[in-house]
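Down below is the structure, laid out as C-alpha cells.
Chain A is the first sequence line, chain B the second, and so forth, proteins listed ahead of strands; every chain is numbered from 1.
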Amino acid sequence: MSWYAAHGRDLPWRRPECSPWGVLVCEVMAQQTPLARVEPVWHAWMRRWPTPADLASAPPGDAVRAWGRLGYPRRALRLHEAARAIVERHAGDVPSTEEDLLALPGIGAYTAAAVRAFAFGGHATVVDTNVRRVLARTLLGEPLAAPALTAAERRLAESAVPAGHREAAVWNVAVMELGALVCTARGPVCDRCPVADRCAWRLAGHPAYDGPKRRGQAYEGTDRQVRGRILARLRETEEVPRPDLDDCAPEQGTVDRCLDGLVADGLVEPLADGRFRLPA
DNA sequence: GAAGCGTGGGG
DNA sequence: TCCCCAAGCTT
C-alpha cells in the first residue's frame with residue numbers, strides 16, 4: 001500500500017471527484033481491454049453521458065457506436081441496459097450493494113467488487129487477472145494463475161484483504177496496480193517490487209509455468225472476426241444495404257449467420273427494406 | 001466447465 | 001512474424 005501511494009498512476013476514475021457512474025463505466029470498458037485504449041473513450045463517454053439517466057435516454061446504437069474499437073461490443077449494449085436498469089430500479093443512482101450490482105447486466109463478480117471498493121470505499125475482494133497473478137506468485141510461488149478462477153483462489157484472495165473498509169479499498173487497487181506495472185505477465189520487474197523479499201515465486205528461483213496449456217483463442221477466420229467487420233461497417237454508416245457487407249467474409253453464408261447472431265444479440269437491427277443499422 | 005465474444009499493442 | 005495477453009461476462 002505504501003508502494004501504491006508512491007507509484008500508483010493518477011487515472012481519472014481514481015480521482016475523488018469521479019462519480020460511481022464514472023467508475024462503473026471504466027470498469028466495464030476495462031474488461032479485457034487495456035487501460036491505455038480505454039482512457040480516451042472513457043473521457044468522451046463521460047462528457048456525453050455524465051449520468052446513467054443520460055445514457056438511458058439515448059438509443060442503444062449510440063452506445064455501440066461510441067464504444068468504438070474497444071472490442072466485445074456487447075459490453076456497450078449491456079452498459080446501456082445497465083443504465084436503464086439503474087434509472088428504473090435505483091432512481092438513477094449506481095447501487096452500492098453486491099446484490100444490486102450483480103443484478104445489473106454485464107456486471108459480474110469482478111466489476112461488482114470493483115465498484116463497491118473503488119466507488120463506495122466498501123469492503124470487497126477484487127479479483128482480476130492482475131490480482132490472481134500477484135497472489136499466485138507472492139503467496140503460492142507459482143508463475144501464473146490457473147486458467148480459470150478457483151474457489152480456493154477466491155478464498156486466498158479474501159484472506160489477504162485487510163479488515164478495515166478504507167484499507168481494503170486501497171489494498172485492492174494497490175495489488176491490481178502492482179500486477180499491472182511491476183508483476184506483469186511477461187517480463188516482471190522484480191527489482192522494482194516492494195515485496196520481492198517475500199515473494200514465494202522469486203524465492204523459489206522463478207520456476208517456469210507447467211500447468212495445463214493456456215489455449216490462445218483463434219481469431220483469424222472465426223465468426224468473431226466477421227462480426228467485428230460487420231459492426232465496423234455499421235459504425236461508420238447509418239444504414240447499410242446487405243450487398244455492402246459481402247466482403248466481410250469469403251462465404252456469404254458466414255455473413256448471414258453472423259448477421260443473424262448480431263441481430264439476436266441486439267447489436268444490429270434489420271430494416272424492412274433489407275438494410276441494416278445499429279439499434280435505434 | 002467450456003466455449004464464444006473484438007481489438008490492438010508489445011515482446 | 002507470430003504469439004500472448006489485456007480491470008471478464010454470459011450461456
Value in whole Å for how far the [atom2] atom of [N] lies from [atom1] of [X]:
X: A:Trp42; N: C:dA6; atom1: CH2; atom2: C1'; value: 20 Å
X: A:Arg154; N: C:dG8; atom1: CZ; atom2: P; value: 13 Å
X: A:Glu39; N: C:dA7; atom1: CD; atom2: P; value: 14 Å
X: A:Tyr72; N: B:dG6; atom1: OH; atom2: C1'; value: 6 Å
X: A:Met29; N: C:dA7; atom1: CE; atom2: C1'; value: 13 Å
X: A:Leu231; N: B:dC5; atom1: CG; atom2: P; value: 12 Å
X: A:Leu79; N: C:dA7; atom1: CG; atom2: P; value: 19 Å
X: A:His80; N: C:dC9; atom1: NE2; atom2: C1'; value: 19 Å

Atom pairs, N/O to N/O, protein against nucleotides 8-11 of chain B, distance under 3.5 Å?
| unit_1 | atom_1 | unit_2 | atom_2 | d |
| --- | --- | --- | --- | --- |
| B:dG8 | OP1 | A:Arg69 | NE | 2.2 |
| B:dG8 | OP2 | A:Arg69 | NH2 | 3.2 |

Practice task
Could you say whether A:Ala180 or A:Leu102 is positioned toward the 5' end of DNA chain C, judged by the nucleotide with the nearest heavy atom to each?
Solution key: A:Ala180
Problem - Plane angle bin for A:Trp67 and A:Trp45 - parallel if under 30°, tilted between 30 and 60°, otherwise perpendicular - result: perpendicular
If I pick the [atom1] atom on [M] and the same atom on [N], what distance separates them, to the nearest angstrom?
N: B:dG11; M: C:dA7; atom1: P; value: 14 Å
N: B:dG1; M: C:dG8; atom1: C1'; value: 16 Å
N: C:dT1; M: B:dG8; atom1: C1'; value: 16 Å

Exercise for the section: Measure from the side chain of A:Trp13, starting at C-beta and using heavy atoms only, and say which of C:dT10, C:dA7, C:dG8 lies closest. Expected result: C:dA7
Exercise for the section: Please determine, for the side chain of A:Gln31, which listed nucleotide (B:dG6, C:dC9, C:dA6) has the closest atom? Expected result: C:dC9
Exercise for the section: Give a yes/no on whether any side-chain N or O of A:Arg227 is located under 4.0 angstrom from OP1 or OP2 of B:dG6. Expected result: yes
Handout entry: Along DNA chain B (nearest heavy atom to each residue), the more 5'-positioned of A:Leu267 and A:Leu149
Key = A:Leu149
Exercise for the section: Please round to the nearest 0.5 Å and tell me the distance separating atom CG of A:Leu178 and atom CZ of A:Arg137. Expected result: 10.0 Å
Exercise for the section: Can you sort out the partners of A:Val173 under side chain to side chain contact (heavy atoms under 4.5 Å, CB included), two or more places apart, ordered by chain and number? Expected result: A:Tyr4, A:Arg14, A:Phe118
Problem - For A:Arg242, side-chain hydrogen bond (donor to acceptor under 3.5 Å, both in side chains) partners two or more places apart - result: A:Asp246, A:Gln252, A:Asp256
Practice task
Only counting residues at least two apart or in another chain, list the ones meeting side-chain hydrogen bond (donor to acceptor under 3.5 Å, both in side chains) with A:Arg75.
Solution key: A:Thr33
Completion exercise
Connected to A:Phe276, directly or through other members, by ILVMFWY side-chain contacts below 4.5 Å are A:Val64, A:Leu77, A:Val226, A:Ile230, A:Leu231, A:Leu234, A:Val240, A:Leu245, A:Val255, A:Leu259, A:Leu262, A:Val263, A:Leu267, A:Val268, A:Leu278
Exercise for the section: Using the salt bridge (charged side-chain N to carboxylate O under 4.0 Å, His left out) rule, take A:Glu239 and A:Arg277 through it: C-alpha gap first, then chi angles, then the decisive distance, then the call. Expected result: CA-CA 5 Å; A:Glu239 301 180 337; A:Arg277 70 175 180 194; 3.5 Å; yes
Exercise for the section: In plain terms, say whether A:Asp244 and A:Arg233 are close enough for a salt bridge, that is, a side-chain N and a carboxylate O under 4.0 Å apart. Expected result: no
Exercise for the section: May I ask you to say whether A:Arg202 pairs ionically with A:Asp197, meaning some side-chain N is under 4.0 Å from a carboxylate O? Expected result: no
Handout entry: Close approaches to DNA chain B from residues 105-140 of chain A, in residue order (heavy atom, under 4.0 Å)
Key = none
Practice task
Identify whether any heavy atom of A:Arg257 sits under 4.0 Å from a base atom; if not, whether one sits that close to sugar-phosphate; answer base, sugar-phosphate or nothing.
Solution key: nothing
Problem - Side chain proximity check, A:Leu79 to A:Leu24, heavy atoms < 4.5 angstrom - result: yes
